[in-house]
Amino acid sequence: MSEEHADTNPNKKRSRKKRKNFLSNAKKYAKKGQMGRGTKIPEELYQYFVGILDVMKQGIENEEERHALVNNVLERTKEEELNVIGNQLGCRVIELLLPFASPEDLERFIEVLSPEIRRLCSDNFTSHVVETLLRVSCERATAHLQTGEDNTSDSEEAPKKKPKLEAKTESKYEEKHIKRCHEFTITMSKYTLNNLEEFVWDKYANHILRSAVKCLSGITLMPGEKPKVNIFKTTVDDGKGIPPHLTKMTYKNVPDEFKELVKEFVNRISAWPQFKDLPYQNSTSGLLQVMLYAIKNVDKNMTKDVIRKLLDESFAPEDWVGNGDDDKKDVKDADAEQVSSSNLPPVFESEPAVRLLEAALFVSKKKTYTQIYARCFINRLGQLATMPMLNYTVQRLVDNCDVKEEFEPMFVELSDKMPALLACGNTGVLVALAKACLRLKAKQTQYMTSLESALKCSEADKQKYFSVLCLRLLPLDRVDLTALDKEYFINVHGSVILQCILDFQRPAKAVTGLLELTTEQLLVILCDAKGCHVADALCKGQCVGQKARDKLIWRLKGYYQQLALSQYGSRAFEQVFAVATMEQKLKIMTELSDKSNLLNSTNYGRLIATKLDVATYKLSQKKWEETWKKKDNK
């Protein structure tokens, strides 16, 4: 029992492994006289690469200097390419520099690596360079096809329009180089396809297979995948990738020749006798996930066929229940506290298979989605939602639901489980439900009622605490109501749920709960990293009335200075100021200008003073008002 308690303790700190620093490790190896792992390179060259990594880490802002560095380093590798990329440090340097290589250098690496490709694909170091070479070649081969418009491949019926010739962007590379990159992409992809049976099981070559499928189908990023950032500071992409709960993907435009190869990949793997076992191993499940995302942009009918095959043979085959009366049993025991674990389809027994199921939910269209729901989830949602690994799959199911009539029975199954979800900490399911209620305009009142009951504030005299309890995602009996004016922990899921509720068609209960707080209690929320976003929903919510906003502006009177000085409070301040009337803006500006020197005491206050032009207001209120009216009219 004590072990179980320790595992479920929410306050227990997770022990994280210290992340290894590649550069510092490389320096340590050099001091010991070890020139990295893999092939041996001269000490002079090893130290040169260490210095290059150091320079790159510091960042090179000047583009000419960056090009000079890339050219110089790649020049040093001439006639030593295979030896360099076989070394751990050399491989890392080349992998980082290839995206910036000149056409001549890139083609040189293509020529040198091509004859040795079979050996290189299975090596723990060189496989990374092969993968990068394929990706860079594909990017250069297709750059001229991109039109700048997002291709989300979401339309159910409308066929995708091919990019018009005149809409293509001019490539910075010559046609000869583009043709060579195109040829290498095709050759390399066909080579991986011909060696599919061998590469699928190789942990290094498997990733080259995935890259080939991604390149051929035009995938930029998959859900939950973060962009790879290059060590050059100026090339760091600030994008955080695609959150796994989003339901759209962007694809690049690719030639039809590439798409045909994707189909061939999928057909070959689908025909394997061991296809049904592939979802249950990490490496093969990862490959199948990439293929599902790839064919979403290539052939919708093939997507449907592959998912149906996965359902029939792997996720929930007809013979998975010994007694064969699973459907009857589920309906009969639907009201039971927990469905027996033996009634869960095989897919839920393996994490790799579960991740593949989530990918299937993402790419499926309405009919296929309904089949997945019926075969794997129906009458089991309550149990799945309270399980540590499987609650994420329930979230993906709800996130990808686009039919109101299908969502309603899901909601009924899960609404009774809200107290259990709060208790076990699987609050992401509550977020998914709130977003679905908002998106589909369904079960909004019932959601608030169920959440109110789970938070133990259904009674009339306790309903005013609903918003605060929602932010903390704690029931009333676990919250000290006398300390709401002091800083406390706000749950990120609670903040998102409250924002959704404020966008509901009838958000009065949540709005009233916030506006009945004292100003000090309200400031605790608005000056918090997660709580400040509540101001967005209060100020921008379509169903939040103007009177409520006026009351918020009045309630904060005398505290705008304090709000503007705070890092997160200044963000909330901007939202409130944006929806204020001109008369209210003038009162707020008067309050700020009275102690304008205070604003300069923090960076955030200084930014607010600059944005609102407090200096001009102090000199001439009339001039400021005229300037601001012009801004509002634009």
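Since the structure is predicted, the reported quantities are computational estimates derived from the model, not experimental observations.
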Just wondering, are more than 12 heavy atoms of other shown residues or ligands nearer than 6.0 Å to NZ in Lys309? yes

Counting only heavy atoms from other residues, nucleotides and ligands, does the tally under 6.0 Å from OH of Tyr369 exceed 12? yes

Residue pairs involving residues 276-286 (criterion side chain to side chain donor-acceptor pair (under 3.5 Å); sequence neighbours excluded): Ser285-Gln289

Would you check if Leu311 and Gln371 make a side-chain contact, meaning some heavy-atom pair closer than 4.5 Å? yes

Is the shortest heavy-atom distance from the side chain of Ile85 to the side chain of His128 under 4.5 Å? no

Basic-acidic side-chain contact under 4.0 Å: Glu131, Arg135: no

Salt bridge or not for Arg308 and Asp305, using N-O below 4.0 Å? no

Between the side chain of [X] and the main-chain N/O of [Y], is any donor-acceptor distance below 3.5 Å?
X      : Y      : value
Arg472 : Asn491 : no
Ser350 : Val347 : no
Tyr293 : Met249 : no

I'd like to know whether the aromatic ring centres of Phe199 and His207 sit less than 6.0 Å apart in this structure. no

Rounded to the nearest 0.5 Å, what's the gap from CD on Glu264 to CG on Asn194? Could you check? 8.0 Å

Not counting sequence neighbours, list each pair that qualifies as a salt bridge (charged side-chain N to carboxylate O under 4.0 Å, His left out) and has a residue in residues 444-458. Glu452-Lys509, Lys456-Asp477

Mind telling me whether Phe407 and Phe411 have parallel, tilted or perpendicular rings, with 30° and 60° as the class edges? tilted

Check: residues 499-506 side-chain donor-acceptor pairs under 3.5 Å, at least two apart:
| residue | atom | partner | partner atom | Å |
| --- | --- | --- | --- | --- |
| Gln499 | NE2 | Ser495 | O | 3.1 |
| Gln499 | NE2 | Ser495 | OG | 2.9 |

